[in-house]
Structures are given as C-alpha cells and as structure tokens.
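Here is the structure we will look at, set down as structure tokens.
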Number of protein chains: 2
Amino acid sequence: MKTTITDVAKAAGVSIKTVSRVINNEPSVRQPTREKVMTAVKSLNYQPNLAARNLAGTKSYSIAFIYDNPNAYYVIDMQNGILEACKKQGFELLIHPCRAKSENLIEEITDMIKHSRIAGLVLTPPFSEMPEFVEHILTLDIEVVRIMSGDIAPDDIAPCIMVNDHEAALSITQHLVDLGHKNIAFIAGEAEHMSTVERLRGYKKALKDNDIELDTQLIVNGEYSFESGVQGAKQLMAEKNKPSAIFCCNDEIAAGALFAARLLGINIPEQLSIAGFENSPFSRQTWPRLTTAHQPNPKIAEDAAKLLIAKSRKQQAKSIVTHYTPQLIVRDSTSNVT
Amino acid sequence: MKTTITDVAKAAGVSIKTVSRVINNEPSVRQPTREKVMTAVKSLNYQPNLAARNLAGTKSYSIAFIYDNPNAYYVIDMQNGILEACKKQGFELLIHPCRAKSENLIEEITDMIKHSRIAGLVLTPPFSEMPEFVEHILTLDIEVVRIMSGDIAPDDIAPCIMVNDHEAALSITQHLVDLGHKNIAFIAGEAEHMSTVERLRGYKKALKDNDIELDTQLIVNGEYSFESGVQGAKQLMAEKNKPSAIFCCNDEIAAGALFAARLLGINIPEQLSIAGFENSPFSRQTWPRLTTAHQPNPKIAEDAAKLLIAKSRKQQAKSIVTHYTPQLIVRDSTSNVT
DNA sequence: TCTGAGCCTGACAGCGTTGTCATTATTTGG
DNA sequence: CCAAATAATGACAACGCTGTCAGGCTCAGA
C-alpha cells in the first residue's frame with residue numbers, strides 16, 4: 001500500500017541513494033537520471049516517510065508552534081499560515097499550547113525539543129517578547145523566528161517579523177484627527193505587551209504631529225479584554241474633559257467600549273467615535289461596525305515559517321528582518337465631530 | 001544530550017528490550033526489574049523517540065485532527081482538548097485544515113494517512129456527518145471517532161460522541177415559553193448540518209409539549225453567520241404575525257439578530273427576546289449579553305481523543321457512544337413578555 | 001590510446017525503537 | 001528433588017531513510 005524509496009528505486013532502475021539525492025535536491029545527479037527518478041516518484045505517488053527522515057538524517061523536518069493567547073482567531077490564523085508553509089516544504093508542525101507564565105516553561109519546551117527533534121520554533125507574543133526565553137531556546141541549537149510589534153528589531157540574535165503597530169496606530173489616530181477630533185482617548189491593553197507600547201507610541205506621535213496636547217487623563221490602563229473596554233469607557237466618560245473619540249488597543253476592548261456607550265445612552269458614532277485594532281471577526285459584528293486596523297496574520301505566519309525552514313536548512317545565513325504594517329479599515333464606529 | 005533507550009538500559013542493568021517492555025506496559029517483566037527500569041527512566045528523564053517508535057513498531061503514536069469550520073473558538077477548543085489527551089498518552093497530533101467540499105478531499109486525506117502513519121482521526125462536523133467519507137476512511141484501516149449532533153448514533157461503524165442539541169434546544173425554547181412567549185421564531189443554520197436539524201427538532205418539540213401551534217412563517221432558513229441573523233430578524237419583524245422571541249441557531253446568528261433589532265429600533269429584551277446557542281465568547285460581548293446554551297468542547301474533544309487512542313490500542317472492542325447535553329445559560333437577551 | 005581529475009552512483013552502516021525468536025531463570029507437579 | 005512447563009530476559013533483524021565513503025564512469029589533454 002505505502003510506497004517506499006525502495007519501490008521508487010526499483011521502478012527507476014537506480015539505487016535508493018540516488019532517489020534520496022533527487023528527493024533532496026542534491027547536486028551530482030545527471031539530468032536523465034534525475035528525470036527517470038522524478039517520473040517514478042510521480043507515477044508511484046511517493047512521499048518520503050517523515051519519521052524515517054527525522055530518525056536517519058541530521059536534518060529535521062518538524063517545526064513547532066507554541067501559543068498562549070486568548071484570541072482564538074489570531075491563533076488559528078497563525079496556525080493556518082504556518083501549516084501552509086509546512087505543506088509546501090514537506091514539514092510537519094507540532095502544536096504546543098502552554099502558559100507563558102508557567103514556572104517550568106523552559107523545562108517544558110526544552111523537553112519537547114529534545115524529545116521530538118525540532119528544527120525550529122515560531123514565536124508569537126508573549127513568547128517572542130521574552131528575551132531570556134528566546135536566548136535559552138537558541139542555546140538548544142534550534143532556529144527561532146519571532147513575530148513581534150515594533151518598527152525596528154530589538155536585536156539580531158534571531159530573525160524577526162516586525163508588525164508595525166506604531167505606524168498603524170498612527171494611521172488610526174490620524175484618521176480620528178482628520179475627522180476633527182481633538183479629545184482623543186486611549187484605552188490600553190496590558191502594559192507589558194509590546195503591542196500596547198507600540199500602539200500607544202503611535203497614538204502619541206499622531207497627537208504630536210498634529211499639535212494636539214496630550215492629556216494623560218485620557219489614557220487609561222487596561223488589558224486586552226471586553227470587560228476592560230467597558231470599564232475604561234465608563235471611566236473616560238465620567239471625566240470632566242470627556243473625549244469625543246476613543247482609540248481602543250484592540251477590537252475586544254472596543255467592543256467593550258461600545259457596550260459601555262450603550263449603557264450610558266451615548267450614540268456611536270454621533271456622540272462618540274470608537275476605533276479598535278486587529279480586524280477580528282467581531283469587529284464586523286458589533287453595532288456599529290468597528291473602524292480598525294487589519295494585519296494579514298496568515299501571510300505573516302507563512303512568511304515566518306518559510307523563513308524558519310530556510311534558516312534551518314542553512315539557506316539563509318543572516319538574521320532577516322521583515323516588516324508588515326496593519327492597514328486602516330474605516331467602518332461605521334467613527335465619524336466627524338458634530 | 002538526548003537520552004535513548006540504550007542509556008536507560010545501561011543505567012538499569014538490563015537489555016533495551018526489557019526497557020521497551022516496561023515502557024509499553026507489557027507483561028512478563030518481574031516487579032523488581034520493572035522498578036529498576038522505572039527508576040532509571042525517571043532519573044534520566046527519558047521519553048521514547050516518537051519517530052523511531054512510529055518507524056519500528058506496528059502501532060502508531062499519531063492521531064490527526066482535520067477541520068473545516070469558520071468558528072475559530074470551536075476549533076481551538078477542540079484542538080486543545082485533543083492535545084490534552086495526546087500529552088497524557090504520549091501521542092502526537094497532526095493538524096490538517098482542509099475543505100470538506102474539495103473535489104479531492106478523500107485523496108488528500110488518504111495521502112496524509114499513508115504518508116505519516118496515523119492511528120486515527122478525530123472528526124467534527126462537517127466531516128463527522130459525511131457517511132461515505134467516514135466509510136472510506138475506515139477502509140484505510142485506521143480508527144475514527146465522530147463528534148456529532150443528535151441523541152442517538154446514526155450507526156455503529158465507529159464510535160460517536162453525541163452532542164444532544166435536541167435537548168438543549170428544547171431547554172432554550174422551554175425557557176422562552178416559561179417567560180410567556182407564544183410567538184417564538186427560529187432562525188436556522190445551514191439546513192444540511194445536523195446541528196440545525198437537531199436544534200430545529202428541539203424547538204418544535206418544545207412548542208408541541210406546550211401546545212403551541214407551529215407557525216411555519218416563523219421559521220426562516222439561514223446559515224451560521226452574522227449576516228444571516230441580520231436578514232432573518234429583519235424578515236421576521238416584517239411579518240404580520242411578529243414573534244416576541246427569536247431562537248437563533250447559534251450565537252453568531254443571534255448577534256446578527258441583535259444588530260437588526262438595533263437597526264429597527266427594537267429594544268432587547270423588552271420588546272423582543274433573543275437566544276443564541278454555543279456560548280461562544282462573543283455571546284458575552286454583545287448588548288445585551290446573550291442567553292445561550294453551553295457545551296464543554298475541550299472536554300468533549302479530550303474524550304473523543306481518549307476514545308480514539310484506546311480504540312487504536314484495541315483496548316476498546318465495541319463502538320462506544322457517549323452523550324453530552326449543552327446547558328442553558330440565561331443572560332440578558334431574554335425576558336418576560338410584557 | 002592512456003592517465004588522471006572530477007563527476008556520478010551505489011554499498012553499507014546506523015538512527016532509536018519494536019517484533020520475533022532463542023535462551024535462561026523460575027515455578028510446578030509428581 | 002528432578003523434569004517439564006512456564007515465565008522472564010536478551011540477541012538480533014527490521015522499519016525507511018540519510019551520511020559516508022569507495023568505486024565506476026566520463027572526458028580532456030598528452
């Protein structure tokens with residue numbers, strides 16, 4: 001039933017080693033031989049056995065994705081993107097949900113790496129933002145690619161895919177300014193997340209660019225949750241200097257702010273503009289639909305995985321840095337100041 | 001660095017075969033010997049290499065999860081549950097997103113199964129509801145566990161985890177009846193999904209139990225989407241015999257209905273009660289929060305994976321059927337008829 | 001035509017584990 | 001207490017592939 005390399009070798013009339021060379025794109029195979037083998041491979045629908053490959057060779061054909069993120073849409077998007085790259089390169093993906101704050105995180109990951117030989121790790125926040133963790137993983141002699149917020153990479157110990165939340169936040173804030181808003185509030189996510197830091201930085205930059213004075217009363221701390229949006233908006237609307245617009249650190253917070261506005265009898269967007277960030281599915285399912293910023297997560301993840309695979313094959317010497325900027329999407333939750 | 005069975009054998013002063021026996025819980029190992037080995041295993045933190053196991057043995061230590069479901073929360077919950085079972089049993093999980101309606105679905109899955117030796121498949125809708133697909137997979141000599149809607153298993157060719165949507169829908173509808181509603185509408189999901197069929201059946205049963213005549217005008221076809229909820233609710237509220245309550249086939253539809261109500265200036269729940277189904281995260285993030293039914297997806301998935309693993313080890317002779325019933329959660333989107 | 005350099009190809013061992021079967025220890029019955 | 005039966009253990013091949021290295025082939029230059 002299952003086709004082995006031996007079958008292909010017989011069919012092509014060559015040794016298994018030659019088939020192996022063709023499969024792995026090694027040089028030193030004459031063109032006619034290569035073609036004979038390719039034909040046999042196709043006609044037998046042969047695919048190399050990953051277990052045997054991992055066992056026999058020095059190369060690995062597995063990468064892993066660890067996650068600790070309450071946002072299921074984000075995780076699925078990442079996973080699908082990574083899987084896409086894996087499929088194309090004949091790699092296998094190991095999925096490993098775990099707690100970033102776990103006592104024995106390093107031990108857990110180290111064990112995983114030792115037990116199933118892994119070429120590398122795709123790291124998303126919060127893992128990508130834990131330098132000591134990244135460094136430790138690198139000592140294990142495996143590759144790492146980090147997806148993180150920022151416009152410049154923090155170091156060059158490992159490749160980075162930088163998501164320019166700063167610029168995207170700037171666009172969103174600029175959009176609000178363009179609508180005539182001056183009192184623009186900001187509801188933050190967890191302060192230790194780089195995404196929060198970068199989005200806040202973009203917000204401040206936009207204000208500064210437009211000579212709008214920063215009112216620190218309009219910045220409220222929070223976390224990436226609906227509840228936090230509810231609380232944040234309530235608090236803001238109780239200030240003497242009420243905002244006419246709120247930029248929420250993500251869509252979930254924005255949904256919470258919408259909820260609070262409803263509670264307080266405030267019409268959106270007539271009396272208050274609200275913007276989110278992420279373009280998650282429910283940013284299209286709120287009333288009104290959210291103005292937000294979109295980032296192509298599956299694409300980013302596929303890129304990251306590709307990079308990781310290339311690096312593990314030593315096809316890529318230096319640590320590369322790639323950039324993505326989330327794009328503004330204007331919907332119905334923001335409007336002109338009246 | 002990595003510990004092999006040979007290291008353990010040396011440490012315990014036995015042959016590698018004996019270590020293998022202990023690891024695999026085979027009989028014919030004397031108790032003292034077993035303990036010596038166990039001690040060595042622990043002190044060396046040994047875990048068998050999966051690639052070698054899959055390659056050498058006749059048993060497999062991998063199961064796969066294929067999905068085609070727009071609901072990321074559902075997929076992640078399932079995945080986490082399955083991974084939990086895998087971790088406990090030393091199995092590896094292969095993740096495979098694919099399109100159920102793809103021309104070459106069977107070919108694709110067959111290839112995957114042949115390519116990486118797989119013990120079994122966890123099937124969720126829509127795959128679990130495709131009998132010809134399930135039968136084909138079974139001919140490949142691997143195990144299958146299906147998670148599906150209904151109160152009785154459709155057949156006994158493979159184990160089923162039945163989710164009793166019928167009874168849960170009955171509870172929800174009964175809840176609406178108890179609040180005094182008589183004109184209760186139903187917005188359906190895709191008609192070909194068993195979940196739709198079962199939920200509709202529960203709805204009808206509840207009406208009948210309470211001697212409420214079924215008004216077919218109050219049942220609208222739809223699909224599991226926000227947009228469908230918007231359209232469905234608009235249509236219903238345009239009828240001469242307007243409903244005082246709408247039971248939506250899932251939370252997303254309910255969110256759409258909420259959206260439509262907002263558009264039409266209808267207050268929820270004062271003028272109209274709306275109930276969802278699923279208890280997805282955004283059922284807590286709508287205004288008002290949705291009354292819905294909760295099912296413990298991670299638990300269900302873990303159960304399914306456990307069953308699959310047991311079956312693959314022939315520890316389970318007959319096809320088992322397990323049952324779960326989603327539980328009513330009353331929130332703020334339903335209230336008394338006024 | 002011969003020789004050597006360089007390019008191709010294949011034989012063989014080994015990756016870490018399990019299956020088979022032979023061998024050795026232990027128990028049981030007479 | 002001994003033979004036979006049974007239980008426990010180990011030696012070795014095999015799983016499907018890759019790495020190493022030796023050997024064969026080709027072709028240019030003399």
(request) Quick one: list whatever passes salt bridge (charged side-chain N to carboxylate O under 4.0 Å, His left out) with Arg146(A), sequence neighbours left out. (result) Asp155(A)
(message) In this structure, how many angstroms lie between the C1' atom of dC17(D) and the OH atom of Tyr61(A), rounded?
(response) 10 Å
Which pairs would a plain distance check flag for residues 300-309 of chain A, meaning a side-chain donor or acceptor within less than 3.5 Å of a matching protein atom at least two apart in sequence or in another chain?
| residue | atom | partner | partner atom | Å |
| --- | --- | --- | --- | --- |
| Glu302(A) | OE2 | Lys88(A) | NZ | 2.7 |
| Asp303(A) | OD1 | Lys299(A) | NZ | 3.4 |
| Asp303(A) | OD2 | Tyr324(A) | OH | 3.0 |

(request) Look at atom CE of Met130(A) and say whether more than 12 heavy atoms of other residues, nucleotides or ligands are closer to it than 6.0 Å. (result) yes
(request) State the CZ-CD distance between Arg34(B) and Glu26(B), to the nearest 0.5 angstrom. (result) 9.0 Å
(request) Return the value, rounded to whole Å, for the distance between atom CG of Asn49(A) and atom C1' of dT18(D). (result) 13 Å
(message) Please enumerate all residues that pass side chain to side chain contact (heavy atoms under 4.5 Å, CB included) together with Ser20(B), with sequence neighbours excluded.
(response) Ile5(B), Lys17(B), Asn24(B)
(request) With sequence neighbours excluded, tell me which residues meet side chain to side chain contact (heavy atoms under 4.5 Å, CB included) with Asp7(B). (result) Thr3(B), Thr4(B), Leu44(B)
(message) I need a per-nucleotide contact map over nucleotides 9-15 of chain D, read 5' to 3'. Cutoff is protein heavy atoms under 4.0 Å; write B for the base, S for backbone only, - otherwise.
(response) BBB---B
(request) Measure the acute angle between the ring planes of Tyr73(B) and Tyr73(A), then classify it against the limits of 30° and 60° as parallel, tilted or perpendicular. (result) perpendicular
(request) Scan Asn54(A) against the nucleic acid and name what it touches under 4.0 Å (heavy atoms): base, sugar-phosphate only, or nothing. (result) nothing
(request) Please state how far atom CD in Glu26(A) lies from atom C1' in dG19(D), giving the value in whole angstrom units. (result) 9 Å
Would you give me the side-chain donor-acceptor pairs under 3.5 Å for residues 131-145 of chain A, sequence neighbours excluded?
| residue | atom | partner | partner atom | Å |
| --- | --- | --- | --- | --- |
| His136(A) | NE2 | Thr110(A) | OG1 | 3.4 |
| Thr139(A) | OG1 | His136(A) | O | 2.4 |

(message) Nearest 0.5 Å, please: how far is CZ in Arg313(B) from CG in Asn25(B)?
(response) 9.0 Å
(request) Five pairs at each end of the helix from dT1(C)-dA30(D) to dG30(C)-dC1(D): take the axis at both ends and give me the angle between them to 10°. (result) 40°
(request) Give a yes or no on this: more than 12 heavy atoms of other residues, nucleotides or ligands lie within 6.0 Å of atom CD of Gln31(A). (result) yes
(message) I'd like to check the side chain to side chain contact (heavy atoms under 4.5 Å, CB included) partners of Pro97(B); sequence neighbours left out, ordered by chain and number.
(response) Asn80(A), Leu83(A), Tyr67(B), Ile95(B)
(message) Quick check for you: name the first and last nucleotides of DNA chain C, 5' to 3', having an atom under 4.0 Å from a heavy atom of chain B.
(response) dG16(C) to dT26(C)
(message) Once side chain to side chain contact (heavy atoms under 4.5 Å, CB included) is applied, do any residues pair with Thr33(B), and if so which ones, sequence neighbours excluded?
(response) Val14(B), Thr18(B), Val29(B), Arg30(B)
(message) If I take atom CD1 in residue Ile5(A) and atom C1' in nucleotide dG19(D), what distance separates them, rounded to the nearest angstrom?
(response) 13 Å
(request) Please list, chain by chain and in numerical order, all residues satisfying salt bridge (charged side-chain N to carboxylate O under 4.0 Å, His left out) with Asp68(A), sequence neighbours excluded. (result) Arg99(A)
(request) Give, ordered by number, those residues of residues 36-43 of chain B having at least one heavy-atom distance below 4.0 Å to an atom of DNA chain D; if nothing qualifies, reply none. (result) none
